[in-house]
Asker: 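What follows is a single structure, and I will ask about it in a moment.
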Amino acid sequence: MKRFPEGFLWGVATSAFQIEGSLDADGRGESIWDRFDTESGDRGDVACDHYRRWPEDVELLCDLGVNAYRFSLAWPRLFPDGRRREQRGFDHYGRLIDALLERGIEPVVTLYHWDLPQALEEEGGWRNRDTAARFADFATQCYLAFGDRVRWWLTINEPWIVGLLGYLHGLHAPGYKGDVLGEVTVFHHLLLAHGLAVQAFRAGGTDGRIGLAPNPSPHYPASDDPADAEVARASDGYVNRWFLDAVFRGSYPDDMRVRYEEVVGPLDFIRDGDLEVISAPTDYLGVNYYAPRVMQAAPGDTPWPWRVIVPEGVRTTGGFTGGVASTEAGTPIVPAALTDVLVRLHEDYDGIPILITENGAVFADRVHDERRVAFIRDHLAALHDALEQGVNVLGYCHWSFLDNFEWALGYGQRFGLVHVDYETQERTIKDSGRYYAGIARRSAL
Ligand code: FCB
């Protein structure tokens with residue numbers, strides 16, 4: 001039996017736009033996702049109808065045995081046009097938070113999970129430096145409203161994905177393609193927003209912990225060819241070090257500065273003093289982990305001379321994992337890479353306490369989802385290995401609580417521990433949900 005530390009948080013995760021629906025309720029303003037046409041054609045108008053069904057969903061959280069629930073606050077519900085406060089939005093989340101606390105469930109609150117108010121997008125969105133200041137104001141109002149009850153705060157969810165899919169690939173709102181300058185500008189402003197929100201948290205004397213929630217991916221070369229090792233290192237700079245070095249060391253990595261300058265010219269949106277703001281001390285790091293990146297050199301490919309391949313095997317620190325399976329989204333399943341990334345974060349960033357804020361997989365099975373059961377078991381065993389190696393892991397939040405609106409991929413991609421019938425909105429706990437409840441209740445695997 002593998003036991004987890006006293007006070008370990010066992011949670012499930014969601015985000016507002018992916019589950020809430022009710023996009024016009026209680027004075028909510030438009031977000032950039034409301035009008036974004038996804039490739040799947042699916043929209044978030046109804047999603048899991050959670051904005052109306054939340055009391056039932058809180059009872060389901062009890063059935064899942066969790067002592068933590070990670071969710072996000074929809075900025076456009078609280079500030080419909082980015083500036084004007086909407087009390088009904090605050091009242092809604094206040095009720096949800098109270099209901100969670102009454103049931104012994106810690107709210108873990110994400111401030112930005114991608115639903116920027118459309119009004120701010122019209123002023124340039126994250127390319128506009130002022131959006132970082134608007135975010136800090138929004139965060140401050142959230143601390144004032146909920147800081148007496150919420151102890152776990154996360155600033156920005158996956159800043160790298162916001163830039164990559166929203167500005168380079170056009171797959172996420174706001175849907176720009178091939179805009180590397182936009183991408184790197186947005187990275188910087190998201191980090192600045194994070195830092196300003198951390199500073200505001202300290203200034204307000206809020207009692208609790210705050211951190212960033214990026215998705216650090218462990219990188220491996222596809223072969224012994226030194227060119228693959230080189231791009232594995234380079235891509236690690238792009239995905240991981242750009243964000244983590246900024247937050248924890250107060251500097252952007254030199255190799256990445258050079259690389260960006262070659263592609264977009266001078267990075268003059270970085271102003272004196274910004275990195276001090278960005279590196280304002282945080283209390284913990286949220287880690288969204290799905291899969292490793294196995295890297296192959298692709299000289300001449302632009303803007304980045306590499307390719308991410310789906311490997312047949314991966315050489316992790318623990319040894320060679322052959323016959324790598326993938327989820328139905330084509331994501332390789334490599335639990336040992338979770339151990340590697342946790343150990344690496346611990347070593348490179350001064351033993352920062354870590355909360356796994358997301359980890360999960362797409363499998364379509366309606367209720368008997370044996371593959372998800374195995375996924376959870378193997379990833380928790382990998383997490384336990386990291387604990388044994390001295391990594392300070394505070395908890396684990398499975399993505400996701402419910403099947404939900406999976407952004408560009410729509411409703412076809414099911415990540416939930418709970419099945420949602422989108423016709424009737426009926427919820428059914430999957431086998432994985434029952435399995436997870438057992439682990440959460442025992443705090444042992
Ligand atoms: C992460 C997102 C989350 C969800 C999962 C599958 O990138 O943070 O909202 O879409 O992937």
Side-chain angles (χ1 to χ4, degrees), residues 11-21 31-33 36 38-40 42-44 47-48 50 69-75 108-116 126 154-169 171-173 183 186-187 190 194 211-218 238-240 243 285-293 308 326-333 337-338 341 355-364 369 371-372 375-376 379 396-418 420 430 432:
V12 288
T14 61
S15 85
F17 193 79
Q18 291 178 277
I19 62 168
E20 285 181 349
S31 89
I32 55 172
W33 272 93
F36 183 67
T38 63
E39 286 200 333
S40 68
D42 289 346
R43 313 192 62 87
C48 307
H50 169 81
Y69 174 44
R70 177 185 180 218
F71 61 98
S72 76
L73 305 178
W75 190 350
V108 178
V109 169
T110 314
L111 289 162
Y112 186 69
H113 205 126
W114 305 353
D115 46 359
L116 185 72
W126 287 110
L154 295 155
T155 53
I156 308 274
N157 185 68
E158 298 191 357
W160 177 64
I161 293 288
V162 173
L164 178 79
L165 299 187
Y167 291 81
L168 197 62
H169 295 321
L171 291 170
H172 279 191
E183 185 192 27
V186 159
F187 287 163
L190 286 164
H194 157 83
L212 183 72
N215 56 319
S217 289
Y238 176 49
V239 180
N240 300 329
F243 302 93
L285 176 66
V287 169
N288 292 358
Y289 170 76
Y290 289 90
R293 279 163 64 92
V308 183
S326 18
T327 71
E328 280 168 19
T331 316
I333 304 176
L338 172 61
V341 74
L355 175 65
I356 305 292
T357 34
E358 290 181 25
N359 172 238
V362 173
F363 294 116
D369 55 342
R371 291 174 295 176
R372 184 174 286 101
F375 182 96
I376 293 173
H379 283 81
Y396 172 90
C397 296
H398 191 76
W399 186 275
S400 183
F401 169 29
L402 303 169
D403 291 337
N404 61 43
F405 174 75
E406 180 45 31
W407 306 113
L409 303 170
Y411 297 102
Q413 306 270 307
R414 294 181 177 270
F415 271 97
L417 295 176
V418 176
V420 177
K430 301 180 191 178
S432 57

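Both ligands and their constituent atoms are indexed starting at 1 by order of listing.
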Asker: Which ligand 1 atoms, with their elements, are less than 4.0 angstrom from a heavy-atom of His113?
Answerer: 2 (C), 3 (C), 8 (O), 9 (O)
Asker: Select the closest option to atom 11 (O) of ligand 1 among Tyr290, Phe405, Phe415, Trp407, judged by heavy-atom distance.
Answerer: Tyr290
Asker: Closer than 4.0 angstrom, basic N to acidic O: yes or no for Arg70 and Glu358?
Answerer: yes
Asker: Say whether, by atom type as modelled, one donor and one acceptor occur between the side chain of Ser432 and the main chain of Arg372 under 3.5 angstrom.
Answerer: no
Asker: Does any N/O atom on Glu158 come nearer than 3.5 Å to any N/O atom on ligand 1?
Answerer: yes
Asker: Please report whether ligand 1 has a polar contact with Trp114, defined as an N or O pair separated by less than 3.5 Å (distance criterion only).
Answerer: no
Asker: For atom 1 (C) of ligand 1, what is the closest protein heavy atom, and at what distance to 0.1 Å?
Answerer: Glu358 OE1, 3.1 Å
Asker: Are the side chain of Asp403 and the backbone of Arg414 linked by a donor-acceptor contact shorter than 3.5 Å?
Answerer: no
Asker: Scan Asn215, Thr357, Asn288, Thr110 and name whichever one has a side chain to side chain donor-acceptor pair (under 3.5 Å) with Asn157.
Answerer: Asn288
Asker: If you apply the rule side-chain hydrogen bond (donor to acceptor under 3.5 Å, both in side chains), what do you find for His194 with Thr155, and how did you get there?
Answerer: CA-CA 6 Å; His194 157 83; Thr155 53; 2.7 Å; yes
Asker: Would you mind running through ligand 1 and noting each atom that sits below 4.0 Å from a heavy atom of Gln18?
Answerer: 3 (C), 4 (C), 9 (O), 10 (O)
Asker: Among all protein heavy atoms, pick the one closest to atom 10 (O) of ligand 1 and tell me residue, atom and distance.
Answerer: Glu406 OE1, 2.8 Å
Asker: Could you name the option among Asn404, Thr110, Asn215, Asn157 that has the heavy atom nearest to atom 8 (O) of ligand 1?
Answerer: Asn157
Asker: Does one side chain, of Trp399 or Tyr289, offer a donor that lies under 3.5 Å from an acceptor on the other?
Answerer: no
